[in-house]
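Read through the structure below, which is laid out as C-alpha cells, and then see the notes.
Heavy atoms only: backbone and side chains are in, while hydrogens, waters and symmetry mates are out.
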Amino acid sequence: MKTMITGALCTSFLLLSGCNSEPANSNVKPETSEITTQKTKLTSGIEKANMDKSVRPQDDFYLYVNGGWLDSHPMPADKTAIGSFYDLRDKADEDVRAIIEELAASDSLAKGSDEQKVADLFKSYMDETRLNALGMTPVKPLFDEIQSLANKDELASYFAKSQITGLDSPLYYYVSIDAKQSSRYAGHIWHSGLGLPDRDYYFNQEQRFEDMRNDYVAHIEKMFALAGMKNGKQAAKSIMALETKLAELHWTRVQTRNSEARYNKFAVSELNTATDKFNWTAWLKTLGVSDQKDIIINQPDFVKGFGELVSNVSMEDWKTYLNWQVINGYASYLTSELDQQNFEFYGKNINGQQEQKPRWKRGVSLINGNLGEIISQVYVKKHFKPEAKARMTELVENLRVAYGESIDGLDWMSADTKKAARVKLAAFTPKIGYPDKWEDYSSINIHADTLIANLQSADLVGFEKQLEKLDGPIRKWEWHMTPQTVNAYYNPTVNEIVFPAAILQPPFFDMQADDAVNYGGIGAVIGHEMGHGFDDQGSRYDAEGNLRNWWTENDLAEFKKRANQLVEQYNGYQVFDDLNVNGELTLGENIGDLSGLTIAYRAYQNSLNGQQAPVIDGLTGDERFFMGWAQVWRGKRTEKGMRQRVATDSHSPGQFRTLGSLSNMPEFVETYGIKEGDKMYIAPEKRVKIW
C-alpha cells in the first residue's frame, strides 16, 4: 500500500526496506580496551562447516567460504531468498511474534493504549473468517466515491485523497529535508502509479517480459472478477494501456540516483509552469499544503507528461485505473481469494515464490510497518544488551579514525578537498540500536474487527505527521527503520549513520568472537554506511547535509575516473547467461562496499596495536577478516527473484558484493597469493581504490 521513495532519501546496506525518509566529533584514536585484550578467550566466528574447500579461494572466495551451505540448503517453498540476512530476519520475526501474541492473549488491555492497538491490529488481520464474510464491503465507499467523480478537477482532489489513506497515486507527495537548505523541511513530488516492478517491465522486448505483461493483464482481469467488478477484460486492457503511458514518463533507476537532477524547486504559485493541465489548487488543498511557498519536483518531465495524461485520458479510463488501485492496494487485506491471486502474480510469477508465507509472518510485517516502535520498546529490552551498544560505539569510532587516516593518505586528492572530507567525517552522527525518543501512536484508531479502517487510520496519521514537519525544526531524533529491522542506512541530509539492534548479531556482530570477524562483518557495514557519505551521490552533500559541491575540479574528475572503473568492473559480472550486473545502478553501493571493507581492514590493523593477530581455528587474523566479509553475504535467491532484484535494486547480488570488493584489495590478493590466471585476479593498474 505504501509507496517507497527509492533512492531519494537515504541509502541502506540492503535493498531499501523500511528506509522511508529522508555530530560526533572525534579524531582521537580510541583505546582498544577489552576488545583486544580478551582475544585469546574468543572464538574465530567463522562457520567452517559452510565452506567448500574444493573451490580455490583465488578463483571464487564467495563459494570457498559459503559453497557448502549453498549445496545443503534448498529454497523453502514460502521464500524467494535465504541466507545470513534472512536468518536474522526470521529470528526477529519470531521475537516480534512472541511479543505480539502475548499482548493479543490478554483480555485486560486498556482501550486506546499502545498495547491494545498492537493486539487488535494483529487480530483484525488474522481473522480470515471475518474478512471473507465482509468481502468487498470495507472498500465499497471507495468505489462509490470513484464512480461519483464528475470532472478532472475532482480527479485531482481524489489523487491526493487516495494517497493520504494509503493507496498509490501517480503523483506522490512526501515531506523530507530540503537538500539545498538542510535546516528546513520541504514538500516533494515523486513519480509512482505502476503495477509492475519497474518501467522497463513495460518495454523490454525479451520473451519473459512479454509473457509477464500478458500475465499481468490476465491477473488484473481475474482480480476484477474476484472483486465482483464487471467488464474485467476491457478494464485490464485499459489499465495496462494507461500504466504503459505512465511508465514511458518514469525516469530509469539510474536517472533517479542523480541527486542534482532530482532537485527542482518550484514556487507553488508557479506550478503551472511544470504543467498547466492539472488542477494544482485542488490537489494541494486536499493534501493540506496550500499554504506552502515551494515544492521540490524530483522528475519535472514526468509531471509535464502526467498533466497531458490527465487532460487526454477519459474520466472513465481514470476511474477504471483508480478502481484497480483500490483492488490492488487492499488485495492482501480483503478476501482469501483476492489475497491468493495477488500472491499468484506478485509472489509466484514475478519472484518465483511457490507458497505464501505463514499468515502470522505477514501479520508481523503489518505490525512492524504500522505500529513498529511500540514493539521496538519491548524488543530492545529483551534482545539488545547495553554492552553490545558500548562495543558498537567503540567500533564506530575506530572506523572513523581509520577513515580519516585513509583520507590523509590519498595520493589523488588535494589538501583542500581532504580538509572538507575530514570535516564531513567528523560530523557523522552515529545512531546505534534504538531511538532516544519513540514515535507517538496515540492518534491512530485500531479496532479488532475493522482491518481496512485500521490501515486507513494508520496511513492518515502517518501522513499528518509528515505535514507536521513543515515549518518545524529538523527531527534529528527520528529513525527511519525500527530496531527490529535487519539493515543499516546513511541519511545524507542529516549526515547520520544508523545501525538497528537486529543487525547487531552473528554473522555481522558476535560478542563472543575475535575482533577479526567482527571487523570483517559489522565493521565493514559501519564503513559501508560511512562510505555512502563519500559515494558518487553522498559525496555531493556537505557536512551540514546540504547538496553542494565541496570538491576541487581536478579532485572531482579523479573521483569520477575511479568510479567509472568500478562501473566497468561490475558491468562484467554475469548473474545469468543473459543478465549482467548493472554497474551504473549499483555504483553507490559498490563504492560503499569497497570503501567500507578497505576502512574496516585498516581499523582492524589499528586495533592490533602492532601485535601479531592470534591464529584461531587454524586461521590467521587476515583470513578471518576476509572470511567474515564473505559469510555475511551467504545466501541464495529464486531465479525470478534474482532477475527482479537485478532490474530494480541498487545493490549488487551478494556473491558479487563479496568478489568485487575483495578483488580490488591488495591485502586480500597478498593474503591468498592471487596471481595472474586466477579468476579473481585484477591487474594492479586496474584495481580501484577510492577511499
Side-chain angles (χ1 to χ4, degrees), residues 5-12 16 19-23 172-191 251 253-267 274 292-303 413 416-429 466 469-471 473-476 478 480 489-498 529-553 555-557 559-560 563 584-585 587-589 591-592 595 650 690-691:
I5 309 302
T6 53
L9 307 169
C10 56
T11 312
S12 66
L16 210 64
C19 177
N20 58 2
S21 176
E22 12 142 61
Y172 189 87
Y173 179 88
Y174 67 96
V175 175
S176 188
I177 294 172
D178 184 331
K180 291 194 176 181
Q181 194 177 344
S182 65
S183 61
R184 70 182 287 263
Y185 287 105
H188 294 68
I189 294 174
W190 191 269
H191 56 31
W251 286 14
R253 300 266 172 167
V254 172
Q255 287 176 302
T256 58
R257 292 192 66 251
N258 190 321
S259 302
E260 284 285 356
R262 286 200 318 264
Y263 190 90
N264 305 278
K265 185 180 285 188
F266 285 74
Q292 291 299 300
K293 293 182 173 58
D294 55 49
I295 193 166
I296 296 167
I297 300 178
N298 285 276
Q299 300 93 5
D301 45 351
F302 170 82
V303 170
M413 182 180 284
D416 287 345
T417 305
K418 285 181 181 180
K419 182 179 179 180
R422 272 289 208 164
V423 170
K424 181 169 185 176
L425 177 67
F428 275 143
T429 300
Q466 284 200 63
K469 295 178 182 180
L470 293 168
D471 303 320
I474 301 302
R475 301 181 180 185
K476 293 194 175 182
E478 191 173 49
H480 305 299
Y489 69 90
Y490 170 71
N491 191 346
T493 51
V494 287
N495 199 26
E496 66 183 10
I497 50 177
V498 185
E529 297 309 335
M530 288 182 173
H532 275 310
F534 302 103
D535 69 18
D536 65 308
Q537 297 303 314
S539 61
R540 301 184 184 200
Y541 295 80
D542 65 16
E544 301 293 322
N546 288 301
L547 184 61
R548 72 169 184 85
N549 181 34
W550 45 270
W551 296 69
T552 67
E553 185 176 340
D555 290 341
L556 189 57
F559 176 86
K560 289 180 178 178
E584 286 187 277
L585 176 60
L587 177 59
E589 299 300 333
I591 292 174
S595 302
S650 60
I690 299 180
W691 296 100

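Using a 4.5 Å heavy-atom cutoff, the side chains of Arg257 and Trp251 are not in contact. Taking the side chain as every heavy atom from C-beta outward, Gln466 and Tyr173 never approach each other to under 4.5 Å. No side-chain heavy atom of Gln299 sits less than 4.5 Å from a side-chain heavy atom of Val303. Within the 4.5 Å cutoff, the side chain of Glu260 has heavy atoms near those of the Lys180 side chain. Contact check for Asp178 versus Lys265: side-chain heavy atoms found under the 4.5 Å cut-off. Side chains of Val175 and Leu470 form a contact here, defined as non-hydrogen atoms less than 4.5 Å apart. With a 4.5 Å cut-off on side-chain heavy atoms, Trp190 and Arg262 count as touching.
Between the side chain of Trp550 and the backbone N or O of Thr417, no donor-acceptor pair lies under 3.5 Å. Remark: side-chain polar atoms of Thr493 are not paired, donor with acceptor, to backbone N or O of Ala179 under 3.5 angstrom. Looking only at distances, a side-chain donor or acceptor of Lys424 sits under 3.5 Å from a matching main-chain atom of Tyr541. Arg253 places no side-chain N or O within donor-acceptor distance of the main-chain N or O of Ser650, the cut-off being under 3.5 Å. Between the Asn546 side chain and the Ser182 main chain, a donor and an acceptor come within less than 3.5 Å of each other.
Taking the six-membered ring where tryptophan is involved, the planes of Phe428 and Tyr490 are perpendicular, since the angle between them exceeds 60° and thus also 30°.
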Derivation of the side-chain contact (heavy atoms from CB on, under 4.5 Å) call for Thr429 and Val494: CA-CA 8 Å; Thr429 300; Val494 287; over 6 Å; no

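Atom NZ of Lys419 has 12 or fewer neighbouring heavy atoms from other residues, nucleotides or ligands inside a 6.0 Å radius. For CD of Glu584, the number of neighbouring non-hydrogen atoms (other residues, nucleotides, ligands) closer than 6.0 Å is 12 at most. Heavy atoms of other residues, nucleotides or ligands lying less than 6.0 angstrom from CD of Gln292 number more than 12.
Interatomic distance, Asp416 CG to Thr552 OG1, rounded to the nearest 0.5 Å: 7.5 Å. Annotation: the span from Ile591 atom CD1 to Ser539 atom OG amounts to 7.0 Å, rounded to 0.5 Å. Taking CG of Asp542 as the reference point, atom CH2 of Trp551 lies at 13.0 Å (rounded to 0.5 Å). Here Arg475 contributes atom CZ and Ile177 contributes atom CD1; the two are 11.0 Å apart, rounded to the nearest 0.5 Å. Between the CD atom of Gln537 and the CG atom of Asn258 there is a distance of 5.5 Å, given to the nearest 0.5 Å. Here CD1 of Ile297 is found 4.5 Å from CD1 of Ile189. Values are rounded to the nearest 0.5 Å.
The shortest non-hydrogen separation linking Ala186 to Ile296 is CB-CD1, 4.0 Å. Closest approach of Asn264 to Pro300, counting heavy atoms only: ND2-CD, 3.4 Å. Contact between Asp536 and Gly588 at its shortest, heavy atoms only, is OD1-CA, 3.3 Å. The minimum heavy-atom distance between Pro473 and Tyr185, with the atom names listed, is O-CE1, 3.3 Å. Among all heavy-atom pairs drawn from Ala421 and Phe534, the shortest one is O-CZ, 3.7 Å.
For His532 and Glu589, the side-chain atoms include at least one donor-acceptor pair closer than 3.5 Å. Side-chain atoms of Tyr174 and Asn298 form a donor-acceptor pair, as typed in the model, at a separation below 3.5 Å.
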